[in-house]
Each structure stands twice: as structure tokens, then as C-alpha cells.
Colleague: 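Attaching a single structure in C-alpha cells format; questions to follow.
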Amino acid sequence: MAIASNMTPEEKHFLAGKRIIVAGAGMAGLAFVTGLRRQWNPALQPPEIVIYERDTQETSVSREGFSLSLAGYDETGGLYALKQLGLLDEVLPHVLLGLEGTGSFKVWGRDFGEQMSVRYKPARGLPSAGIRIARKNLRKVLLDAVEATDNITWGSACVEAQKLASGRVKVKLARGEHDSKADDEDECDLLVVADGASSKLRACLRPDDTLRYAGAVQLGGSAKFEDKIPHPLDDNWGMLLSGRGVACFLSPIDHHSVVWALSRLEAQERRRINPNDPETAEKVIQEGLDLGHMFGEPFQTIVKATDPATVFSMPARDKQPFYHDVSDLGPIVFIGDSNHAVSPFAGYGASLAMKDGWDLAEQIRAASDVERAVTSYDAISVPRAIKVIKESHWRIEMAHSTGIKGMVFRCFIAFGGFLLWLTGRA
Ligand SMILES: Cc1cc2nc3c(=O)[nH]c(=O)nc-3n(C[C@H](O)[C@H](O)[C@H](O)COP(=O)(O)OP(=O)(O)OC[C@H]3O[C@@H](n4cnc5c(N)ncnc54)[C@H](O)[C@@H]3O)c2cc1C
């Protein structure tokens, strides 16, 4: 560990020897812990970090059944965050697509005719501008890094938090999975909230700051193939556009499965389905085939090969980020989806979450008190998330556009690809 150049060993730090609670061992929480351990001045007494995770270790693994895009074309991407965290070498062996010229994000027409192939230049020091990786493999790398220095308390949900007169924070805990009734409590000098999009702690501290429906529904699942997966999904991922209001995202998850997510605009927000009901699963698969009837092969083959246990039907939801008011809220910071949930249409939520973790740790290291640390963290994180959410709304609108608007969008795609090439960014 390097000593920060702007600190002397004699210098005190406001968190030296203090207690930090991290609520949630997802992308943001794990990146924060590794980031802080990595950047902490070794001449100072380290803080004690306590990580509470709602899931048990077993359920946590079963929830990780899809793949993620991680961006690396600039310093806001997840690949860049992994480099900062010192975990790039651990992650690269798990990359599914995107390294050494293999695969890239495609926009396809109805019959999988290529309309655009996006391959940016990687940011300095990165081997790729964008990769696909199984979520479970990325999480495992982050977990291994944290478990080398700190313990995770599994099966313990943080359900309430309260600023105390002493300046510390009291956190109420519910032990045992999905139990929302508090039966224990803990105290800390800093609470880092990283409990995801449906944050319990946000509901407690900011009850009006809820997720908003972004106007589109996604239904899909994972298709399994004993042999190899069909071309072009064997070495590409991307979006099928119909020009008739329906789009479909497709990506390999590993060498034997493909995730598909068919989407369209709907005025009313749909309810999530019960994932344990096989009849509902069959209905969703049939709806996928009906809505996507205009798409050519291998769309039908993929949807028909869906494992019913993996089927989902979910409204796209997100929320705008907020700036913290530490004097009012106390020493509590929301990072990742708990602050600024993004829908899968962003393709950037994990990138934002890991960057948040690293950036908060960096601002804490450099600041003289928690208020200054959080203010400078917000100045980095909030505009970054606003931009990503805005782009995802544009993507939702354009991917489902019809008529003249749809035609203009397809011309834009063709021209956009040409422009990237012309300006040397692709
Ligand atoms: C279908 C789908 C596809 C996606 N595709 C992409 C993509 O291609 N690229 C991309 O960058 N992003 C993608 N995302 C978004 C990405 O997964 C999230 O933005 C990212 O995981 C957010 O990280 P986080 O740490 O904030 O939250 P999470 O990863 O959700 O982690 C939160 C953690 O907190 C735990 N927890 C929950 N409640 C509590 C509590 N009360 N107390 C303690 N612990 C709690 C949870 O169990 C979990 O472990 C996708 C998301 C979905 C749903």
C-alpha cells in the first residue's frame, strides 16, 4: 500500500481507529471496502469495517444468474474501477467477450443483419473498451478481495438507521434472510449504504425518494444449449431492433447459455411475476415468441430453449441521484443503486456502483472530515449518474420507436457508427 502523497505519517485521520458499517455486499459496497483498504495510509490506525449482507452466502450465489457489460472507454467505466481497485488481473480470466478483438456490442435489424458494431478505443491502461462477464464471476472476485481483509456478516439486513446525539449512527438489524423485523443493533461513526435499488435504508431515511417507472417492460430468461450457443451470440452481444415498437437485448452468459430480454413501451407499470410459478413462466415465453414474431432466427430457437426457472417480466425502473446533507442526515452516505438506481437499459449500473465505491474511498482518504469527504464525493458521483440515466431514457425511447422516428433513429445509428470511425473513437 502506498502512502498518500498529501499526508505525513504523523497526520491524524478522522476515521483512524473508528468504526464503519457497510450495508450490502454488492458491487458498490465491496468496491468501497477494497478501495478504502487499498488507499488507507498504512502509518495510521485503520478503521474497523463491519459489512452486513441481507442474503445468506448460498442465496447470494443463486441470485447472480446473468451477465453484465462493463465499460472501459473512459474513466467512468467499471473496467477502469477494477484497475483502480487492483483487481483487473483477477477479472480478465473470467471475461466472456470483448478481449483481444473478440466480440463487440452490435445493433441488429430484424434478421440479425448488422446495423452497427460498437468498438470504442480503450481508456489508457485498459485492455478493452467494453467486456461481458458473468455477474457471479465478477462478484466472486470482489468478494475474495474483501474477504482477504474483512469479514462479511451474511444473513443480516440493515433495516433502520438513526443519527445519534453523539454524532454516531445507530443501525437496526434483522438477522435471518428476508426478515424485516429488527432484532439487533449496532453503532458506527460512518454508515455506507450500499443495499441496492430497493434500499431499505433509503425507505427509512428518505421515504419519498422512490423508484420511478421508466416506461418500458422487459420480459425474458436464459436459454440453455447443451452444445454451443447459436451464431451470432457465440461471439457478440447486442440489441435487435424491429422498427415496430419491440426490441430485444441478447447476450451470452457463458458458453452454454444466452439471456434474452424482449422489451416494449407500456403506459402502465406491470407487476413483477412470481418466479416460482411454472404456468406464468410458460406464458411469458409464449408472449416473448408472439411479440417477437417479426425477428428471424436464431431468435425463436433461443426463446424456445428458455429454462422456465429463469424467466422474468419486469418494469424498467430507476431514480435520480441526490446530494447528501450531512449536517441533517448525519455521517451516512448512499452509494451505487441505493442512491441512483438505473434500469438494465443503462447497461452501466455496475460500472457506476464500483466507481462510487472507489471514489468515496478516495475522497475519504483525502478529506479532513466526513462532510468534506461526502461533498467532494457527491460532486463526482451525482453528475455521472444523471448523465447515465438520461442516456438510458433516450435509449428506451429510440429502441422502441416506430414510423418516421424509427427510420431517423436507424439512419442515426448508421451515421453514428461512421462518425465514430471518422473521429477515431472507434
Ligand atoms: C437484468 C439486469 C441486467 C443488468 N445489466 C447490467 C449491465 O450490463 N451492466 C451494468 O453495469 N449494470 C447492469 N445492471 C445493473 C447492475 O447489476 C446494478 O446497477 C449493480 O449491481 C448495482 O450495484 P449495487 O452494489 O449498488 O447494488 P447490488 O449489486 O444490488 O447490491 C446490493 C447488495 O445489498 C444487499 N442488501 C439488500 N438489502 C439489504 C439490507 N437491507 N441490508 C444489507 N444488505 C442488503 C443485497 O443482497 C446485495 O448483495 C443490470 C441489472 C439487471 C437487473
Side-chain angles (χ1 to χ4, degrees), residues 21-33 50-57 59-72 76-79 81 96 98 105 130-136 138-139 142-143 152-161 171-175 177-180 182 191-204 218-222 237 249 251 253 259-261 263 272 310 312-319 334-357 381 385 388-389 392:
I21 290 181
V22 177
M27 307 295 158
L30 295 171
F32 169 73
V33 176
V50 181
I51 308 155
Y52 289 115
E53 166 56 47
R54 174 198 61 191
D55 288 351
T56 62
Q57 238 164 327
T59 44
S60 141
V61 172
S62 68
R63 266 187 219 279
E64 307 284 322
F66 58 94
S67 55
L68 292 169
S69 300
L70 287 186
T76 66
L79 270 183
L96 270 173
F105 180 84
I131 58 151
R132 289 295 289 181
I133 184 167
R135 189 186 159 96
K136 63 173 186 235
L138 174 62
R139 178 112 185 280
L142 291 166
L143 279 172
I152 297 171
T153 310
W154 297 92
S156 300
C158 302
V159 291
E160 276 178 57
V171 179
K172 291 199 175 173
L173 300 161
R175 310 283 190 168
E177 207 188 345
H178 302 312
D179 191 349
S180 53
L191 170 62
V192 176
V193 182
D195 58 352
S198 306
S199 169
K200 269 253 158 37
L201 292 175
R202 193 181 68 238
C204 163
Q218 277 191 304
L219 43 114
S222 305
W237 72 100
F249 176 80
S251 169
I253 303 172
V259 63
W260 61 277
S263 56
R272 279 174 184 258
T310 64
F312 58 84
S313 165
M314 58 182 187
R317 300 168 93 195
D318 55 28
K319 72 169 283 298
F334 288 75
I335 62 173
D337 275 8
S338 72
N339 186 311
H340 45 67
V342 294
S343 76
F345 287 99
Y348 222 84
S351 283
L352 289 180
M354 288 190 289
K355 278 300 295 176
D356 277 5
S381 168
V388 167
I389 292 170
S392 74

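When reading the values below, keep in mind they use all heavy atoms of this one structure, side chains included, and skip hydrogens, waters and symmetry mates. Each ligand, and each atom within it, is numbered from 1 in the order the structure gives.
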Colleague: Please verify the inter-ring angle class for Phe249 with Phe105; under 30° counts as parallel, over 60° as perpendicular, anything in between as tilted.
Modeller: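 Parallel.
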Colleague: Taking the side chain as everything from C-beta on, heavy atoms only, tell me whether Leu138 gets closer than 4.5 Å to Leu70.
Modeller: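 Heavy-atom side-chain distance check passes, below 4.5 Å.
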Colleague: Identify which of Leu201, Val171, Asp195, Asp337 has a heavy atom lying nearest to atom 39 (C) of ligand 1.
Modeller: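 Considering heavy atoms of Leu201, Val171, Asp195, Asp337, the nearest to atom 39 (C) of ligand 1 sits in Asp195.
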Colleague: For ligand 1, does Phe66 get within less than 4.0 Å through its side chain, its backbone, both, or neither, judged by non-hydrogen atoms?
Modeller: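 Within the 4.0 Å criterion, Phe66 contacts ligand 1 through side-chain atoms alone.
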Colleague: Within the structure, does Met314 bring an N/O atom to less than 3.5 angstrom of an N/O atom in ligand 1?
Modeller: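 Between Met314 and ligand 1 (N or O atoms, distance only) the closest approach is not under 3.5 Å.
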Colleague: Which ligand 1 atoms, with their elements, are less than 4.0 angstrom from a heavy-atom of Gly196?
Modeller: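 Counting atoms of ligand 1 from 1, those under 4.0 Å from Gly196 are 27 (O), 30 (O), 32 (C).
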Colleague: With heavy atoms only and a cut-off of under 4.0 Å, state how Ala194 meets ligand 1: side chain, backbone, both or neither.
Modeller: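 Backbone only; the side chain of Ala194 stays clear of ligand 1.
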Colleague: Does the Ser351 side chain pair with the main chain of Gly78, one donor and one acceptor, at a distance under 3.5 Å?
Modeller: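 Indeed, once roles are kept as given, a pair shorter than 3.5 Å links the two residues.
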Colleague: Is there a side-chain contact between Trp260 and Ser222 in this structure, where contact means two heavy atoms from C-beta onward sitting under 4.5 Å apart?
Modeller: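 Heavy-atom side-chain distance check fails, nothing below 4.5 Å.
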Colleague: Looking at every non-hydrogen atom in both residues, tell me the closest pair between Phe312 and Ala261 and how far apart they are.
Modeller: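 It is CZ-CB, 3.9 Å.
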Colleague: Just by distance, no angles: are the side chains of Tyr348 and Thr76 close enough, under 3.5 Å, to form a donor-acceptor pair?
Modeller: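 There is such a pair between these side chains.
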Colleague: Just by distance, do the side chain of Arg139 and the backbone of Ala25 share a donor-acceptor pair under 3.5 Å?
Modeller: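 Yes: the side chain of Arg139 pairs with the backbone of Ala25.
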Colleague: Going by the order shown, which atoms of ligand 1 are within less than 4.0 Å of some heavy atom of Met27?
Modeller: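 Numbered from 1, ligand 1 contributes 21 (O), 23 (O), 25 (O), 29 (O).
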Colleague: Would you check the N or O atoms of Gly349, main chain and side chain alike, for any that come under 3.5 Å of an N or O of ligand 1?
Modeller: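 Yes.
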Colleague: Report yes if some N/O of Ser156 lies less than 3.5 Å from some N/O of ligand 1; otherwise report no.
Modeller: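 No, since none of the N or O atoms of Ser156 sits under 3.5 Å from an N or O of ligand 1.
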Colleague: Between the side chains of Asp356 and His340, does any donor sit under 3.5 Å from an acceptor?
Modeller: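 A pair is found: one side chain offers a donor N or O, the other an acceptor, under 3.5 Å apart.
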Colleague: Applying a 4.0 Å heavy-atom criterion (strictly less than), which segment of Ala353 is in contact with ligand 1: side chain, backbone, both, or neither?
Modeller: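 It is the side chain that gets close, since no backbone atom is under 4.0 Å.
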Colleague: Under 4.0 Å from ligand 1, counting heavy atoms only, is it the side chain of Arg317, its backbone, both or neither?
Modeller: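 Neither; nothing of Arg317 gets under 4.0 Å from ligand 1.
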Colleague: Can you list the atoms of ligand 1 that are under 4.0 Å from a heavy atom of Gly336?
Modeller: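 So the answer, numbered in order with elements, is 26 (O).
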Colleague: What about Ala350: any of its N or O atoms under 3.5 Å from an N or O on ligand 1?
Modeller: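 N/O-N/O distance under 3.5 Å: yes.
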Colleague: Which pair of heavy atoms, one from Ala134 and one from Leu96, lies closest together, and at what distance?
Modeller: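 Result for this residue pair: N-CD1, 4.2 Å.
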Colleague: Are any of the N or O atoms of Val342 closer than 3.5 Å to those of ligand 1?
Modeller: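 Checking ligand 1 against Val342, no N or O pair falls under 3.5 Å apart.
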Colleague: With a 3.5 Å distance limit and no angle check, can you tell me whether Ser338 reaches the backbone of Val193 through a side-chain donor-acceptor pair?
Modeller: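 The answer is yes, because a donor-acceptor pair under 3.5 Å joins these two groups.
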Colleague: Checking the side chain of Asp195 only, and the main-chain atoms of Cys158 only, is there a donor and an acceptor separated by less than 3.5 Å?
Modeller: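 Here the side-chain-to-backbone pair does not exist.
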Colleague: Does ligand 1 have any atom that is closer than 4.0 Å to a heavy atom of Gln218?
Modeller: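 No; Gln218 lies far enough from ligand 1 that no heavy-atom distance drops under 4.0 Å.
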Colleague: Looking only at distance, does Lys200 have an N or O less than 3.5 Å from an N or O of ligand 1?
Modeller: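 No, no N or O pair falls under 3.5 Å.
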Colleague: Under 4.0 Å, counting heavy atoms only: does Leu68 come that close to any atom of ligand 1?
Modeller: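 Checking ligand 1 against Leu68, which is what was asked, there is a heavy-atom contact under 4.0 Å.
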Colleague: If we ignore hydrogens and angles and just use 3.5 Å, is the side chain of Arg132 paired with the main-chain N or O of Ser67 as donor and acceptor?
Modeller: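 Checked: pair present.
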Colleague: Please classify the Arg54 to ligand 1 contact at 4.0 Å (heavy-atom distances, strictly less than): side chain, backbone, both or neither.
Modeller: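 Near ligand 1, Arg54 shows its backbone as well as its side chain.
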Colleague: Before signing off on this row, confirm whether Ala23 and ligand 1 have an N or O atom pair separated by under 3.5 Å.
Modeller: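 Ala23 vs ligand 1: no N/O contact under 3.5 Å.
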Colleague: What I want to know is whether Ser67 and ligand 1 share at least one N or O pair that is separated by under 3.5 angstrom.
Modeller: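 There is no such contact.
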Colleague: Could you list which atoms of ligand 1 come closer than 4.0 Å to a heavy atom of Arg135?
Modeller: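 Close to Arg135: 16 (C), 17 (O), 21 (O), 29 (O).
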Colleague: In ligand 1, which numbered atoms sit nearer than 4.0 Å to a non-hydrogen atom of Gly24?
Modeller: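 Under 4.0 Å from Gly24, ligand 1 has these atoms: 34 (O), 35 (C), 43 (C), 44 (N).
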Colleague: Only counting residues at least two apart or in another chain, list the ones meeting side-chain contact (heavy atoms from CB on, under 4.5 Å) with Glu160.
Modeller: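 Glu160 satisfies side-chain contact (heavy atoms from CB on, under 4.5 Å) with Lys172, Cys204 once adjacent residues are dropped.
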Colleague: Closer than 4.0 Å to some heavy atom of Pro344 - which atoms of ligand 1 meet that?
Modeller: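 Those of ligand 1 that fall under 4.0 Å from Pro344 are 1 (C), 2 (C), 3 (C), 52 (C).
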Colleague: Examine Cys158 against ligand 1 and note whether any of their N/O atoms are separated by less than 3.5 Å.
Modeller: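 Cys158 vs ligand 1: N/O contact under 3.5 Å present.
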Colleague: Under 4.0 Å from a heavy atom of Asp55: give me the atoms of ligand 1 that qualify, with their elements.
Modeller: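 Here the atoms of ligand 1 in question are 47 (O).
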Colleague: Give the atom numbers and elements of ligand 1 that come within less than 4.0 Å of a heavy atom of Tyr52.
Modeller: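 Contacts of ligand 1 toward Tyr52, numbered from 1: 43 (C), 44 (N).
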Colleague: Are Arg132 and ligand 1 in contact, using a heavy-atom cut-off of under 4.0 Å?
Modeller: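 Within the 4.0 Å threshold, so yes.
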Colleague: Are side-chain heavy atoms of Thr153 and Glu53 found at a separation under 4.5 Å?
Modeller: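 No - every pair of side-chain heavy atoms lies 4.5 Å or more apart.
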Colleague: Measure across Leu79 and Gly72 and return the closest heavy-atom pair with its distance rounded to 0.1 Å.
Modeller: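 Nearest pair, atom of Leu79 first, then Gly72: CB-CA, 3.9 Å.
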Colleague: Taking 4.0 Å as the limit for heavy-atom contacts, which would you say applies to Arg139 with ligand 1: side chain only, backbone only, both, or neither?
Modeller: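 Answer for Arg139: side chain.
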Colleague: Could a heavy atom of Gly78 be found less than 4.0 Å from some atom of ligand 1?
Modeller: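 The answer is no: ligand 1 sits nowhere under 4.0 Å from a heavy atom of Gly78.
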Colleague: Among Ala316, Gly77, Ser351, Ser69, which residue places a heavy atom closest to atom 7 (C) of ligand 1?
Modeller: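 Among Ala316, Gly77, Ser351, Ser69, the closest heavy atom to atom 7 (C) of ligand 1 belongs to Ser69.
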Colleague: List in chain and number order the residues that pass ring pair (Phe, Tyr, Trp, His ring centres under 6.0 Å) with Phe32, two or more places apart in sequence or in another chain; answer none if no residue qualifies.
Modeller: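 Counting only residues at least two positions away or on another chain, Phe32 forms no ring pair (Phe, Tyr, Trp, His ring centres under 6.0 Å).
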Colleague: Looking at Ser198, is its backbone amide N or carbonyl O close enough to the side chain of Asp337 to form a donor-acceptor pair, meaning the two atoms are under 3.5 Å apart?
Modeller: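 No, the answer is negative, given that no donor and acceptor are paired below the 3.5 Å cut-off.
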